[in-house]
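Structure first, then comments.
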Amino acid sequence: MILDYEKINELDRYKVMSDTVVPRPIAWIVTEDDGIINAAPFSYFIPLSSNPATLIVAIGEKTPGVPKDTLANIQKNKKATICFPNKDNLEKLKLSATPLSKEQSEVIQYHIETQKLLKDFPPMISSSQSALFCNYYSTVQLPGKTTPIILEIKKQFIEDNRIDENSHIHVENVGRCGAFFSAMVKI
Ligand SMILES: Cc1cc2nc3c(=O)[nH]c(=O)nc-3n(C[C@H](O)[C@H](O)[C@H](O)COP(=O)(O)O)c2cc1C
């Protein structure tokens, strides 16, 4: 069967794409504005290059013409801390996807513990095994309601026991397969 993307409606296209491109990593992005800490998950997210060390994430609108808080904060303050979910913090991750007003903090509302490791970057989610401290790099022009932005990794936190002598990292991140969450299994 050949699926013709011109003939599939937007919702079905989303379902077909996200069920096919699996697994997708989930960026649990922490941003800050005026002292309010924002956290939300994004799975239209993927690494782009390791030199420069860049990632791309596509963020939509909160309401027509109004960017989601994460996008607004990155556009304004040019900083993002990308954390990763695991099976122990997945319920908090799901809660943090609830749309709140810009003045409300998901980390306060849902009791998500954070820690400030670097003064120039938003805090990380304490239960994340690794975090990437990023600067805004550029925006990709794409028609439609989502804005793809490129972030450059400047520093990384990794739990001490999760990096080996060969610089390999061992994390137990949860990703997204279509509408489901899935733990990565090594084969
Ligand atoms: C696992 C998961 C992945 C998501 N991926 C995206 C995404 O890639 N892009 C997007 O705009 N929203 C995505 N969302 C929805 C946002 O998390 C949600 O709109 C959130 O309220 C945005 O929060 P903010 O306004 O504080 O940035 C995702 C939600 C979940 C649960």
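Every value quoted in this text rests on a predicted model; they were computed, and no experiment measured them. Side chains included, hydrogens not; waters and symmetry mates left out as well; all remaining heavy atoms used. Counting starts at 1 for both ligands and their atoms, following the listed order.
Contacts classified as salt bridge (charged side-chain N to carboxylate O under 4.0 Å, His left out) and involving residues 43-64 (residues at least two apart or in different chains) are given here: Lys62-Asp69.
A salt bridge between Asp33 and Lys102 is present, with a side-chain N of the basic residue lying under 4.0 Å from a carboxylate O of the acidic one. Taking 4.0 Å as the cut-off between side-chain N and carboxylate O, Arg13 and Glu10 do not count as a salt-bridged pair.
With a 6.0 Å cutoff to the six-membered ring centre and a 45° limit on the axis angle, Lys78 counts as a cation-pi contact of Tyr136. Geometrically, Lys79 engages Phe121 in a cation-pi contact defined by less than 6.0 Å to the ring centre and at most 45° from the axis.
Listed by chain and residue number, the protein contacts of ligand 1 are Asn38, Ala40, Pro41, Phe42, Ser43, Tyr44, Ala58, Ile59, Gly60, Lys68, Asp69, Thr70, Ala97, Thr98, Pro99, Glu106, Arg176, Phe181 (heavy atom within 4.0 angstrom).
Following chains of ILVMFWY side-chain contacts shorter than 4.5 Å, one cannot reach Leu55 starting from Leu48, and the two form parts of different hydrophobic clusters.
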